[in-house]
Participant: 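Below are the structure tokens for one structure; questions will follow.
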Amino acid sequence: MAYRVGQWATGNVGRQALRAIIEHPDLELAGLVVSDPAKVGRDAGELSGVGRRTGVRATADPAALIAARPDVISYCAVGTAGRREVATGARPTDAVDDLCRVLEAGIDVVSSALIPLVHPGSADPGTVRRLRAACAAGRSSMLTTGLDPGFMNDVLPVLLTGLCLSVRTVRVSEVMCYGRWDKPEAIVGKFGFGAPLDHVPPILRPGVLTLMWGPVVHLVAEQLDVALDDVTEEYELCPAPETFAIPAGTIAEGTSAGLRFRVAGIAGGRPAIVVEHVTRLREDLAPHWPAPPFGQAGGYRVEIDGEPPWRMDIANPGAADPTVPGTLATALRLVNAVPAVAAAPPGLHTPFTLPMITGRRLLR
């Protein structure tokens, strides 16, 4: 069965999702919404980089996409729907309005926005009520996966615990080198690299890490039937040992050149479920921090401290820029979930309320 899918937004994740929709053998692009006036009227094939025309032109009017009546809309606009939206520069109210409008029209949604909805049970109750009411009104369904390749943070560690007699700690680490990333607005603006060590960038303002990564901690805890006492956050910085240049700019000696943070679910007075990110601008910085697996530029590690213990390393082999596979994986998890979400009962879903999301029909 072919599903008609609309794409909303063409940023880092949205552009990759658009490409995946166009290239998927079971999906048909039904429409495209963009926010950049320079993209309006351009063919979706051009904007996605697939190298061929699709006949679908970008519009700035969401009503046109809704009127096209796609089965599912892939919504990748920015939004966090949390109390820290001012700190993160997101527009949660607009995102909730957008999604309610789509869901009430009877169109299912896969979304990387509204990150707290990765775990609806711990998200803002008012937002959850609105979206659930919209799902009920339109008999529609919605899956939020967040901005990271969530499979590494949620499904994979939970699956590994199924091979244990007992579990003490679940830890997931993402290790990346952002020094190859030519995006000053993220490198400097969001992460604060190149700034004095006493500078607090948006991502490190109190509560933001918990807002962004706490939902997946709650989601894993729910699947393991663990009652969390608290969710905590902590971080440390690594100074540049000398001045050096990267594509995003110059990093002065002594300024921030590495960031390690942890968000932990506390149970029984100890960290029981931990999500950790290690980000460097050069591979040789902070050698005492975790290194990417298999000597690659980036990757993930899932560790289960249990009986028996388990450790799984996943790398991005051959990636000149390790941020690209992660962004692509985020988009592909959305797009490959379309059939499952389209067939799901109305309501807000997580990967654990849907069939396994796989690359069905992608072996070519």
Side-chain angles (χ1 to χ4, degrees), residues 1-79 91 94-95 97-99 101-103 105-113 140 142-145 147 149 181-183 185-186 247 319-321 323-342 357 359-364:
M1 174 182 178
Y3 295 91
R4 300 179 67 250
V5 183
Q7 176 59 37
W8 191 316
T10 54
N12 289 334
V13 173
R15 179 176 177 273
Q16 300 280 21
L18 177 61
R19 171 191 164 198
I21 294 167
I22 294 170
E23 295 189 344
H24 198 291
D26 287 340
L27 305 182
E28 174 189 342
L29 183 64
L32 172 62
V33 170
V34 296
S35 58
D36 183 351
K39 296 180 181 179
V40 173
R42 294 170 63 184
D43 189 89
E46 177 190 359
L47 294 175
S48 68
V50 297
R52 59 182 174 86
R53 300 183 68 80
T54 64
V56 175
R57 294 187 175 276
T59 176
D61 182 12
L65 178 57
I66 294 172
R69 303 299 302 169
D71 299 302
V72 180
I73 286 178
S74 166
Y75 185 90
C76 300
V78 177
R91 51 177 198 88
D94 290 350
D97 291 345
D98 291 343
L99 292 168
R101 185 179 177 187
V102 171
L103 294 166
I107 301 169
D108 299 326
V109 172
V110 292
S111 175
S112 60
S140 50
M142 175 176 162
L143 169 68
T144 299
T145 62
L147 293 175
W181 203 12
D182 187 13
K183 291 189 178 294
E185 69 278 8
D321 181 347
T323 65
V324 172
T327 302
L328 179 57
T330 300
L332 294 177
R333 198 182 196 205
L334 290 178
V335 173
N336 290 331
V338 163
V341 173
I357 298 168
R360 183 179 181 274
R361 295 261 293 153
L362 299 182
L363 183 61
R364 302 170 185 171

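When a residue number appears, it is its place in the shown sequence, counting from 1. The figures that follow rest on heavy atoms only: side chains count, while hydrogens, waters and symmetry mates do not.
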Participant: Of all the heavy-atom pairs spanning Pro70 and Gly6, show the shortest one and how long it is.
Facilitator: CB-N, 3.8 Å
Participant: Heavy-atom distance under 4.5 Å between the side chains of Asp71 and Asp108, does that happen here?
Facilitator: no
Participant: Please name all residues satisfying salt bridge (Lys or Arg N to Asp or Glu O under 4.0 Å) with Arg42, sequence neighbours left out, ordered by chain then number.
Facilitator: Glu46
Participant: How long is the gap from CG on Leu143 to OG on Ser111, to the nearest 0.5 Å?
Facilitator: 8.5 Å
Participant: Taking the side chain as every heavy atom from C-beta outward, state whether Asn12 and Lys183 have any pair of such atoms under 4.5 Å apart.
Facilitator: yes
Participant: Look up atom CZ in Arg101 and atom CD1 in Ile73, then write down how far apart they are to the nearest 0.5 Å.
Facilitator: 9.5 Å
Participant: Using the side chain to side chain contact (heavy atoms under 4.5 Å, CB included) criterion, which residues pair with Arg19? Sequence neighbours excluded.
Facilitator: Gln16, Glu23, Ser48, Val50, Leu328
Participant: Kindly indicate whether the side chain of Pro62, heavy atoms from C-beta on, has any atom under 4.5 Å from the side chain of Trp8.
Facilitator: yes
Participant: Could you pull out all residues at least two apart from Pro25 that satisfy side chain to side chain contact (heavy atoms under 4.5 Å, CB included)?
Facilitator: Arg361, Leu362, Arg364
Participant: Could I get the full list of side chain to side chain contact (heavy atoms under 4.5 Å, CB included) partners for Ala44, not counting sequence neighbours?
Facilitator: Leu18, Ile22, Leu29, Leu32, Thr54, Val56
Participant: Sequence neighbours left out, cut at 3.5 Å: what donor-acceptor pairs do the side chains of residues 34-41 make with other protein atoms?
Facilitator:
| from | atom 1 | to | atom 2 | distance (Å) |
| --- | --- | --- | --- | --- |
| Asp36 | OD1 | Ala38 | N | 2.9 |
| Lys39 | NZ | Thr10 | O | 3.1 |
| Lys39 | NZ | Thr10 | OG1 | 2.9 |

Participant: Please determine, by modelled atom types, if Asp98 and Tyr75 share a side-chain donor-acceptor pair under 3.5 angstrom.
Facilitator: yes
Participant: For the residue pair Leu103 and Val109, establish whether any side-chain heavy-atom pair is separated by less than 4.5 Å.
Facilitator: yes
Participant: Should Thr144 and Ser112 count as side-chain neighbours, where that means a heavy-atom distance under 4.5 Å?
Facilitator: no
Participant: So which atom in Asp43 and which in Gly55 form the shortest heavy-atom distance, rounded to 0.1 Å?
Facilitator: OD1-N, 2.9 Å
Participant: Any side-chain heavy atom of Cys76 sitting closer than 4.5 Å to one from Gln7?
Facilitator: yes
Participant: Say you draw a straight line from CG of Asn336 to CG of Asp26; how long is it, rounded to the nearest 0.5 Å?
Facilitator: 10.0 Å
Participant: Answer whether the closest heavy-atom distance between the side chains of Tyr3 and Pro339 falls below 4.5 Å.
Facilitator: yes
Participant: If you compare all heavy atoms of Ala113 against all heavy atoms of Ala77, which two are closest, and at what distance to 0.1 Å?
Facilitator: CB-O, 3.0 Å
Participant: Mind checking side chain to side chain contact (heavy atoms under 4.5 Å, CB included) for Ala105 and listing every partner two or more places apart, or none if nothing turns up?
Facilitator: Ile66, Arg69, Ile107
Participant: Taking the side chain as every heavy atom from C-beta outward, state whether Glu28 and Val5 have any atom pair closer than 4.5 Å.
Facilitator: no
